[in-house]
Amino acid sequence: MRTLSVEQAMKASPTSDPVRVRGWVRTRRDSKAGISFVAINDGSCFDNFQVVAPSSLGNYEKEVLHLTTGCSVEAEGVIVASQGGGQAVEMQASSLRVLGWVEDPDTYPASAKRHTFEYLREVAHLRVRTNTFGAVARVRNCLAQAVHRFFHERGFFWVHTPIITASDCEGAGEMFRVSTLDLMNIKKDANKPGHADFADDFFGKEAFLTVSGQLNVETYACALSKVYTFGPTFRAENSNTARHLAEFWMIEPEIAFADLNDDMQLAEEFVKYTLRAVLAERGDDMKFFAERIDKEAISRLEHVVESGFQRITYTDAVKLLEDAAAKGKKWEYPVKWGANLQAEHERFITEEVFKKPTIVTDYPKDIKAFYMRMNEDGKTVRAMDVLVPGIGELIGGSQREERLDHLDRRLEEMKLDKAAYWWYRDLRKYGTVPHAGFGLGFERLVLFVTGMANIRDVIPFPRTPKNAAF
RNA sequence: UCCCCGAUAGCUCAAUGGUAGAGCGAGCGGCUGUUAACCGCUAGGUUCUAGGUUCGAGUCCUAGUCGGGGAGCCA
């Protein structure tokens with residue numbers, strides 16, 4: 001007997017050959033005409049498959065009539081055209097075996113009623129059985145597959161940059177320490193009072209979880225030309241927002257022989273490609289998001305795919321914001337050249353002015369990282385942020401400073417230890433090339449695509465300050 | 001980390017300082033090729049934790065924990 005996934009069964013044509021379907025019960029409806037309708041779902045697609053269980057089944061009274069949401073079952077029977085209106089086909093069951101009961105239906109956390117996402121986070125091991133989290137999981141997978149396909153089709157190589165890093169040159173972000181030292185009994189460094197002696201630690205020096213694979217992947221770009229990373233990233237920042245995680249997945253392409261324009265074009269093509277993939281492959285889940293989560297879930301993606309990304313320099317963006325203020329727009333934070341754009345400013349630009357993803361370029365050097373390429377004006381750098389409606393910053397990228405003398409000047413200005421960057425500086429000594437890249441927070445892409453409101457609900461087991469459950 | 005708000009039945013929420021309720025879910029029954037099913041009955045509570053005020057605290061005060069909204073940091 002063939003075993004079909006729910007997805008396959010939904011698409012099967014009526015046949016006289018019995019088949020087998022397995023899954024978890026979503027709902028059971030009884031008819032005194034002597035049948036029960038059992039909707040089962042195995043996660044293979046959004047929809048449930050209707051199994052029609054006649055009272056002639058040997059276990060009908062004892063088992064079928066007691067099935068509740070969450071029970072696991074194995075049904076066998078023929079696929080027939082459905083007499084009801086909710087589905088094209090259904091199974092006329094000749095057997096419905098219960099694999100696992102729900103011990104106490106009264107307290108089953110994912111019962112057949114509406115639950116808040118906040119509550120479901122507390123039962124993250126079961127929330128994926130709900131419509132919403134099943135859909136998120138499938139869309140997330142679709143996006144991840146599309147990421148690799150996009151790069152593979154364009155000749156990029158996936159580079160596995162390290163998770164653990166002993167280099168202290170990854171920049172500003174707070175890092176998680178990786179250590180095997182006994183925290184109850186720390187040996188102090190004789191030469192640095194108040195500091196631990198890391199000579200005895202596993203790596204013989206301080207080590208951390210990576211906050212970015214960029215510096216490492218630049219080395220591969222300067223040999224393989226087109227590369228990207230896609231892996232977990234860690235930030236120990238005490239960020240408590242719907243857009244931040246302590247552990248998240250980041251995609252970081254890096255291209256050699258390329259400038260910021262190439263970088264922006266790559267970013268735009270990349271985002272559009274992944275959106276197209278979701279629209280093409282996950283229509284069932286996207287329909288659900290549009291109906292229940294965010295009315296514009298589908299139309300927003302179609303709009304982005306069809307229209308270009310807006311491009312504007314930081315300087316022009318500041319002018320635009322100042323003009324808006326002159327026309328009566330009230331800013332909680334004043335707009336001033338040289339200062340970071342506030343969330344309210346970014347939202348205004350992307351949600352109210354352009355109403356589409358917007359790339360802001362050429363930021364003042366003092367609010368950006370040391371490795372970004374200096375412009376001719378000596379004041380701005382070749383940086384870009386891709387801002388999207390509803391999310392804010394989806395992508396941050398730049399053309400990298402490939403000129404050693406310029407790079408050294410920036411390291412000195414920012415009081416960074418040049419020696420620590422010896423291998424990064426080597427790239428500029430030995431056959432340096434213009435290159436560029438960006439970082440995209442994968443969960444923010446999932447947020448944007450699904451219309452979900454909180455980043456904790458688009459990753460299976462979110463890690464945030466004070467929360468590493470499951 | 002800062003500002004604001006919240007925590008009561010399995011879940012979502014009510015309850016003037018004075019006997020803690022409803023809807024959903026669950027159990028039982030009725031009805032029906034059902035599909036957010038519908039109708040009836042039943043069960044279900046350490047009101048987040050620790051102190052305090054009061055004759056009396058779910059309600060007021062203090063501290064803490066956790067959650068939400070906004071901000072910062074960023075992806």
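A note on names: the letters A, B, ... follow the listed sequences, proteins ahead of strands, and every chain is numbered from 1. The figures that follow rest on heavy atoms only: side chains count, while hydrogens, waters and symmetry mates do not. What you see is a predicted model, and the numbers here were worked out from it, not measured in a lab.
Counting only heavy atoms from C-beta on, Asn240(A) has its side chain closest to U1(B) among G33(B), U1(B), G68(B). Comparing atom distances between the Tyr119(A) side chain and each of G27(B), U12(B), A71(B) picks out U12(B) as nearest. Set against U35(B), G67(B), C73(B), the side chain of Asn340(A) has C73(B) as its closest nucleotide. Of the candidates U32(B), G68(B), G72(B), the closest approach to any side-chain atom of Gln342(A) belongs to G72(B). Side-chain proximity of Ser82(A) to the nucleotides G68(B), G33(B), A75(B) is greatest for G33(B).
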Test log, rule ring-ring contact (aromatic ring centres under 6.0 Å, His included), inputs Tyr421(A) and Phe370(A): CA-CA 11 Å; Tyr421(A) 293 89; Phe370(A) 73 91; 5.0 Å; yes
Evaluation steps, side-chain contact (heavy atoms from CB on, under 4.5 Å), between Glu247(A) and Leu245(A): CA-CA 5 Å; Glu247(A) 176 183 292; Leu245(A) 291 164; 5.7 Å; no
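Across all strands shown, C38(B) forms a Watson-Crick or G-U wobble pair with G30(B), both key distances being under 3.5 Å. Of the nucleotides present, none pairs with A14(B) by Watson-Crick or G-U wobble criteria with both distances under 3.5 Å. Across all strands shown, the partner of U49(B) is A63(B), judged by Watson-Crick or G-U wobble contacts whose two distances both fall under 3.5 Å. The partner of U1(B) is A71(B), judged by Watson-Crick or G-U wobble contacts that both fall below 3.5 Å. Both distances falling under 3.5 Å, in either a Watson-Crick or a G-U wobble arrangement, occur for no nucleotide opposite G56(B).
The base of U12(B) lies outside donor-acceptor range of the side chain of Glu118(A), with no N or O pair under 3.5 Å. On a pure distance criterion of 3.5 Å, no polar donor-acceptor pair joins the side chain of Glu344(A) and the base of G70(B). Between the side chain of Arg114(A) and the base of A36(B), no donor-acceptor pair of N or O atoms lies under 3.5 Å. A donor N or O paired with an acceptor N or O is found under 3.5 Å between the base of C74(B) and the side-chain atoms of His244(A). A donor-acceptor contact under 3.5 angstrom links the side-chain atoms of Gln50(A) to the base of U34(B). Taking only distance into account, the side chain of Arg444(A) meets the base of C74(B) through a donor-acceptor pair shorter than 3.5 Å.
Where Glu90(A) and Lys466(A) meet RNA chain B, the nucleotide closest to each residue was compared, and Glu90(A) sits on the side nearer the 5' end. Heavy-atom distances to RNA chain B give each of Gly86(A) and Gly396(A) a nearest nucleotide, and the one nearer the 5′ end belongs to Gly86(A).
Within 4.0 Å (heavy atoms only), Tyr333(A) reaches sugar-phosphate atoms of the nucleic acid but no base atom. Across all strands, Thr68(A) comes closer than 4.0 Å only to sugar-phosphate atoms, never to a base (heavy-atom distances). Within 4.0 Å (heavy atoms only), Ala242(A) reaches no atom of the nucleic acid at all. Contacts of Arg347(A) with the nucleic acid, taken as non-hydrogen atoms under 4.0 Å apart, involve only primed sugar atoms and P, OP1 or OP2. As judged by a 4.0 angstrom heavy-atom cut-off over every strand, Leu445(A) is placed among residues making no nucleic acid contact. Nucleic acid contact class of Leu394(A) (heavy atoms, under 4.0 Å, all strands): sugar-phosphate only. Thr233(A) comes within 4.0 angstrom of no nucleic acid atom, judged by non-hydrogen atoms across all strands. Among the heavy atoms of the strands lying under 4.0 Å from Asp30(A) is at least one base atom, whether or not backbone atoms are also near. At the heavy-atom level, Gly439(A) lies under 4.0 Å from the strands shown only through sugar-phosphate atoms.
Look at Ser31(A) and you'll find a side-chain N or O under 4.0 angstrom from OP1 or OP2 of G33(B). Distances shorter than 4.0 Å separate none of the side-chain N or O atoms of Ser239(A) from OP1 or OP2 on C73(B).
Rounded to a whole Å, the CZ atom of Arg26(A) is 18 Å from the C1' atom of U34(B). Atom pair Asn238(A):CG and C74(B):P shows a separation of 15 Å (rounding to whole Å applied). Summarising the geometry, the separation between CE on Met91(A) and P on G33(B) is reported as 22 Å, rounded to the nearest angstrom. For the pair Gln214(A) CD and C74(B) P, the interatomic distance rounds to 14 Å; values are reported in whole Å. Separating the CE atom of Met452(A) from the P atom of G68(B) is a distance of 12 Å, rounded to the nearest angstrom. To the nearest angstrom, P of C73(B) lies 10 Å from CD of Glu393(A). The NZ-P distance, from Lys368(A) to C74(B), rounds to 8 Å in whole Å.
When side chains are defined from C-beta on, Asp263(A) does not count as touching Asn261(A), because their heavy atoms never get closer than 4.5 Å. In this structure, the side chains of Phe348(A) and Trp331(A) come closer than 4.5 Å at one or more pairs of heavy atoms.
Both the sub-6.0 Å distance and the 45° axial angle are not jointly satisfied by Arg154(A) relative to the ring of Tyr228(A).
Comparing A37(B) with G6(B), their P atoms sit 34 Å apart, to the nearest whole Å.
Note that CZ of Phe151(A) and CH2 of Trp158(A) are 12.0 Å apart. Values are rounded to the nearest 0.5 Å.
In this structure, Phe156(A) and Phe150(A) have tilted ring planes: the angle between them lies in the 30° to 60° band.
Centre separation under 5.5 Å together with a plane angle under 30° does not hold for the ring of Tyr108(A) and the six-membered base ring of G10(B), so they are not marked as stacked.
The six-membered or imidazole ring of Phe157(A) lies away from that of Tyr220(A), with a centre-to-centre distance of 6.0 Å or more.
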